[in-house]
Amino acid sequence: MAAFSEAQGGAGLSEPERQGDLCVVLRMLGAADLSVARLFEGHTNAVSLVLRYGSPVQIEKLAHDVKMGELTGVWGAEDAAGLKRHQDAAGWRLEGRKILASGAGFVRRPIVTCATDDGPVMLLLDLSGTENVDETSWTALGMRASATRSIDFSGLVIRAGQQVGRAGDYMRQPFFSGGAWRFCAVHLGAIERLTELFRDDLVSRNRGGDPYQRERLAQCAVATGTALLWIEEAALRFANDLLTPAHVVAYVNLTRMVTERAGLDVMELVQRGMGLKGFIRPHPVERICRDLSTYLRQPAPDLAMSDAAGALMEETLPLGPFA
Ligand SMILES: Cc1cc2nc3c(=O)[nH]c(=O)nc-3n(C[C@H](O)[C@H](O)[C@H](O)COP(=O)(O)OP(=O)(O)OC[C@H]3O[C@@H](n4cnc5c(N)ncnc54)[C@H](O)[C@@H]3O)c2cc1C
């Protein structure tokens, strides 16, 4: 319920002034378990979308269902055929499937995107749990517990009242691309945890006096601290409606780069510093590196970097206020 407002029984984590708190929660969850954090991040994103674009009836119904224990999420990824809807006597009949849908099989109130002639629309589904989930579809290195799989909706009939907002709302900026700061915060939680585990290992094995290991630990601390500064600032800018959407998106795109680099660097430093021990189950470093290296793969990183550089070139002010 935390993403709903206090009046709705939540903690207001979708509200602009609470994005700093959301950042802390996402980091804590990322440190504990990246799969749980993925599900929470998707749930929070979906609640925010319904709060921003949904009708009062949709908001009230989702708040009720979440209070009863249901989860939501945002399932946008699809195969080449995509998800389509066809007019039906009772509303619309869906055809097609979603891929890479976290929580497929137990998330009952997801938002799915569906292509229309006017652009993608969001549909807030009410699933029974008997839908056709391909449980064999996730064979990636890590993130198995996120239950990220394909789900086929062909034949499902939905009512007109299940569309959230208007066509195009889903991709409205800065919310669509700028929301990426949230997965950066999740990743950072895991990166911070890796650094702590490395520190503890050095101390417990009495290897902390070695100058090479000290340098590795210092580099981990610099990488995590740098990512934290960027991500906290990105969360603030995301919530600042005085900034242009283009500015917020560019800042978050740069933040994605900083976070990915921090994750890759810290994994390498920790794996080299701990040696084989960090690759042997059930050591938490093994699990975190497996999950983090998978979850760091996010959509179109090159485009995010290139768009950010483009935005920087349009700036006429000194770089300082931008970055
Ligand atoms: C654990 C996990 C859970 C997920 N859960 C969900 C979920 O619940 N809902 C959901 O909708 N999605 C989910 N996703 C999918 C996620 O949103 C992304 O779609 C996915 O991670 C994209 O990863 P990718 O590396 O294939 O990206 P890509 O964008 O394919 O990037 C791969 C590489 O190709 C480059 N590239 C991209 N486009 C082009 C192009 N046109 N030409 C040339 N190069 C290109 C990129 O810069 C990058 O170098 C999940 C992903 C993960 C890992």
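As the structure lists them, so they are numbered: ligands from 1, and atoms in each ligand from 1. FYI, side chains are in, hydrogens and waters are out, and symmetry mates aren't considered; it's all heavy atoms of this structure. Everything numeric in this text was worked out from a predicted model, so none of it was measured.
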Would you say Gly42 contacts ligand 1, with heavy atoms under 4.0 Å as the rule?
no

Walk me through whether Trp230 and Tyr251 qualify under ring pair (Phe, Tyr, Trp, His ring centres under 6.0 Å).
CA-CA 9 Å; Trp230 275 85; Tyr251 195 87; 4.9 Å; yes

Heavy atom of protein inside 4.0 Å of [atom], strictly below:
| atom | value |
| --- | --- |
| atom 33 (C) of ligand 1 | no |
| atom 45 (C) of ligand 1 | no |
| atom 11 (O) of ligand 1 | yes |
| atom 38 (N) of ligand 1 | no |
| atom 49 (O) of ligand 1 | yes |
| atom 15 (C) of ligand 1 | yes |

Using distance alone, with no hydrogens and no angle criterion, decide if [X] and [Y] have a side-chain donor and acceptor under 3.5 Å apart.
| X | Y | value |
| --- | --- | --- |
| Ser102 | Arg38 | yes |
| Arg237 | Gln19 | no |
| Asp152 | Ser154 | yes |
| Lys98 | Thr113 | yes |

Just do the side-chain hydrogen bond (donor to acceptor under 3.5 Å, both in side chains) check on Gln8 and Ser5 with the steps written out, would you?
CA-CA 5 Å; Gln8 289 150 342; Ser5 69; 2.9 Å; yes

Considering only the protein, which heavy-atom contact is closest to [atom], and what is its distance?
| atom | value |
| --- | --- |
| atom 29 (O) of ligand 1 | Ala300 N, 2.7 Å |
| atom 52 (C) of ligand 1 | Trp138 CH2, 4.2 Å |
| atom 53 (C) of ligand 1 | Thr294 O, 3.8 Å |
| atom 5 (N) of ligand 1 | Ser102 OG, 2.8 Å |
| atom 25 (O) of ligand 1 | Arg297 CB, 3.8 Å |
| atom 9 (N) of ligand 1 | Val74 O, 2.9 Å |
| atom 6 (C) of ligand 1 | Leu100 O, 2.7 Å |
| atom 24 (P) of ligand 1 | Gln298 O, 4.4 Å |

Under a 4.0 Å N-O cut-off, is there an ion pair linking Arg297 with Glu260?
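Judged by the 4.0 Å cut-off on N to carboxylate O distance, Arg297 and Glu260 do form a salt bridge.
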
Which one holds for Lys98 and ligand 1: side chain close, backbone close, both close, or neither close, with close meaning a heavy atom under 4.0 Å?
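Neither; nothing of Lys98 gets under 4.0 Å from ligand 1.
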
Asp302 to ligand 1: N or O pair under 3.5 Å?
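In this structure, Asp302 places an N or O atom under 3.5 Å from an N or O of ligand 1.
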
With sequence neighbours excluded, give me every ring pair (Phe, Tyr, Trp, His ring centres under 6.0 Å) pair touching residues 257-313.
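Qualifying pairs, neighbours excluded: His187-Tyr295.
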
Run the side-chain contact (heavy atoms from CB on, under 4.5 Å) test on Val47 and His43 for me, step by step, so that the C-alpha distance in whole Å, both residues' side-chain angles and the decisive distance to 0.1 Å come before the verdict.
CA-CA 6 Å; Val47 171; His43 176 86; 4.1 Å; yes

Per the side chain to side chain contact (heavy atoms under 4.5 Å, CB included) rule, which among Leu141, Thr148, Leu34 passes with Thr294?
Leu141

